[in-house]
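Everything quoted here is computed from the prediction, not taken from an experiment. Worth knowing before you read on, the calculation uses all heavy atoms, side chains too, and leaves out hydrogens, waters and symmetry mates.
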Amino acid sequence: MLAELKNITKYYGEKGAGNFSLILDEVSMAVGEHESIAITGPSGSGKSTLLNILGTLDHPSSGEVILNETGVNLFDENGLAAIRSRFIGFVFQQHCLLPQLTLLENILLPLVPVRDKGKREEAVIRARRLIERVGLANHSNRLPGMLSVGECQRAAVVRALVNQPRLLLADEPTGSLDAANAANLGQLLRELNREENLALVVVTHSPEIASLMQKRYRLAAGKLQPTDA
């Protein structure tokens, strides 16, 4: 199994106190190689928290996160950062491209810590291939302000893939897009899931995006349940 959440609980405040808030209640989920999974649920239900815990950006109050058959609790923050760099790609609702950098420069930002010249050169070749794959080949040297929101979000997807992650986590990736661009991006994510041989977990409010995924879960009242809807 590529990734697992085992009995994950997340809460804020102190148990029994007025400030106690239970977000995730004994949540378990498994992500297999090359699978695509959608997580839906009402606003404020903890979907982003769940995704951040899976991506090691947040820590559970209890439970275990396992990536590539290794419990992440064995690693310090530097170790977790290294895992994220080589194992996980992230796509967020906002593209978060730096306005002063070109599209290509933004995409290559994850390579800043890489010191191996050969790996950097390979990654640049990969980046250019992916840029062409998502239809942005003519925009490589343009600044984000010269691009549409949909084009910027496609660039953000390429940035998330440049280090060849095995797991891609997308948090409301179509939330800032109109219906047509949202549908296109959802389809693109699913295609890249297959073409790049990676697992994909998408948090979304969109039934259309969720329907593209192989498995669907709904998070509500702290509980995660499989669903066909």
Side-chain angles (χ1 to χ4, degrees), residues 1-13 15 20-68 71-72 84 87-94 153 156-157 160 165-194 198-229:
M1 198 60 62
L2 186 66
E4 291 183 82
L5 298 177
K6 291 188 173 182
N7 301 317
I8 295 296
T9 295
K10 180 68 175 182
Y11 60 82
Y12 298 100
K15 290 184 178 180
F20 180 76
S21 177
L22 179 63
I23 308 301
L24 302 174
D25 185 10
E26 297 288 323
V27 167
S28 295
M29 183 179 73
V31 183
E33 296 273 2
H34 313 151
E35 277 190 331
S36 60
I37 295 174
I39 300 174
T40 63
S43 297
S45 61
K47 300 186 299 298
S48 294
T49 299
L50 177 62
L51 204 68
N52 287 340
I53 289 174
L54 180 60
T56 76
L57 293 174
D58 196 0
H59 302 284
S61 302
S62 65
E64 189 175 11
V65 181
I66 300 172
L67 296 178
N68 201 26
V72 302
R84 288 192 292 270
F87 189 81
I88 305 172
F90 295 91
V91 181
F92 302 101
Q93 181 172 345
Q94 303 299 324
Q153 196 67 332
V157 170
R166 294 174 63 193
L167 175 63
L168 181 63
L169 305 179
D171 189 1
E172 295 287 0
T174 64
S176 61
L177 304 179
D178 60 35
N181 277 309
N184 290 336
L185 186 67
Q187 191 62 50
L188 175 64
L189 286 170
R190 188 69 175 89
E191 290 170 1
L192 291 170
N193 160 235
R194 292 188 289 259
L198 52 82
L200 171 65
V201 181
V202 179
V203 160
T204 181
H205 280 105
S206 168
E208 292 77 17
I209 301 302
S211 70
L212 297 173
M213 307 302 150
Q214 295 168 313
K215 294 182 179 179
R216 291 168 290 281
Y217 293 87
R218 178 175 172 81
L219 181 64
K223 297 292 187 180
L224 186 70
Q225 300 291 340
T227 176
D228 293 329

Exercise for the section: State whether the side chain of Asn193 and the backbone N or O of Leu198 hold a donor-acceptor pair below 3.5 Å, judged by distance alone. Expected result: yes
Completion exercise
Rounding to 0.5 Å, atoms NZ (Lys10) and NE2 (His59) come to a distance of 8.0 Å
Problem - Side chain proximity check, Arg216 to Thr40, heavy atoms < 4.5 angstrom - result: no
Problem - Side-chain donor/acceptor of Ser21 to backbone N/O of Tyr12, under 3.5 Å - result: no
Exercise for the section: Would you confirm whether Glu64, through its side chain, and Gly71, through its main-chain N or O, come within 3.5 Å as a donor-acceptor pair? Expected result: no
Completion exercise
Closest non-hydrogen contact found for Pro165 with Gly89 is CB-N, 3.4 Å
Exercise for the section: With rounding to the nearest 0.5 Å, note down the distance linking CG in Leu67 to CZ in Phe87. Expected result: 5.0 Å
Completion exercise
When rounded to the nearest 0.5 Å, the distance separating CD1 of Ile23 from OG of Ser45 is 9.5 Å
Problem - Expected output: side-chain Arg190 to main-chain Leu212 donor-acceptor under 3.5 Å - result: yes
Handout entry: Backbone of Arg218 reached by a side-chain donor or acceptor of Lys47 within 3.5 Å
Key = no
Completion exercise
Of all heavy-atom pairs linking Ala3 and Leu167, the shortest is CB-CD2, 4.3 Å
Practice task
Could you tell me whether the side chain of Ile8 reaches within less than 4.5 Å of the side chain of Met29, counting heavy atoms only?
Solution key: no
Exercise for the section: Kindly give the heavy-atom pair with the smallest separation between Leu185 and Pro173, and that separation in Å. Expected result: CD2-O, 3.4 Å
Problem - Heavy-atom closest contact (Val31 atom, Ala199 atom, distance) - result: CG1-CB, 3.8 Å
Handout entry: Heavy-atom side-chain proximity of Ile53 to Leu50 below 4.5 angstrom
Key = no
Exercise for the section: Look up atom CG in Leu189 and atom CG in Leu168, then write down how far apart they are to the nearest 0.5 Å. Expected result: 6.5 Å
Exercise for the section: May I have the step-by-step check of side-chain contact (heavy atoms from CB on, under 4.5 Å) for Val201 and Met213, ending in yes or no? Expected result: CA-CA 9 Å; Val201 181; Met213 307 302 150; over 6 Å; no
Handout entry: Pair Asn52-Phe90, side-chain contact (heavy atoms from CB on, under 4.5 Å): steps then yes or no
Key = CA-CA 10 Å; Asn52 287 340; Phe90 295 91; 5.5 Å; no
Practice task
Indicate yes or no: at least one non-hydrogen side-chain atom of Ser43 is less than 4.5 angstrom from one of His205.
Solution key: yes
Problem - Flag side-chain contact, heavy atom, 4.5 Å: Lys223 against Glu26 - result: yes
Problem - Donor-acceptor pair, side chain of Lys6 and main chain of Ile66, under 3.5 angstrom - result: no
Problem - Any Leu22 side-chain heavy atom under 4.5 Å of Thr9 side chain - result: yes
Handout entry: Nearest-0.5 Å distance, OG of residue Ser62 to CG of residue Asp25
Key = 9.0 Å
Practice task
Evaluate the side-chain proximity of Ser176 to Gln94: yes if any heavy-atom separation is below 4.5 Å, no if none is.
Solution key: yes
Practice task
Decide yes or no on side-chain contact (heavy atoms from CB on, under 4.5 Å) for Val203 and Leu219, but give the supporting numbers first.
Solution key: CA-CA 10 Å; Val203 160; Leu219 181 64; over 6 Å; no
Practice task
Hey, could you give me the CG/CD1 distance between Leu200 and Ile37, rounded to the nearest 0.5 Å?
Solution key: 8.5 Å
Problem - Heavy-atom donor-acceptor pair, Thr204 side chain to Ala210 backbone, under 3.5 Å - result: no
Practice task
Answer yes or no: is there a side-chain heavy-atom contact under 4.5 Å between Leu54 and Leu5?
Solution key: yes
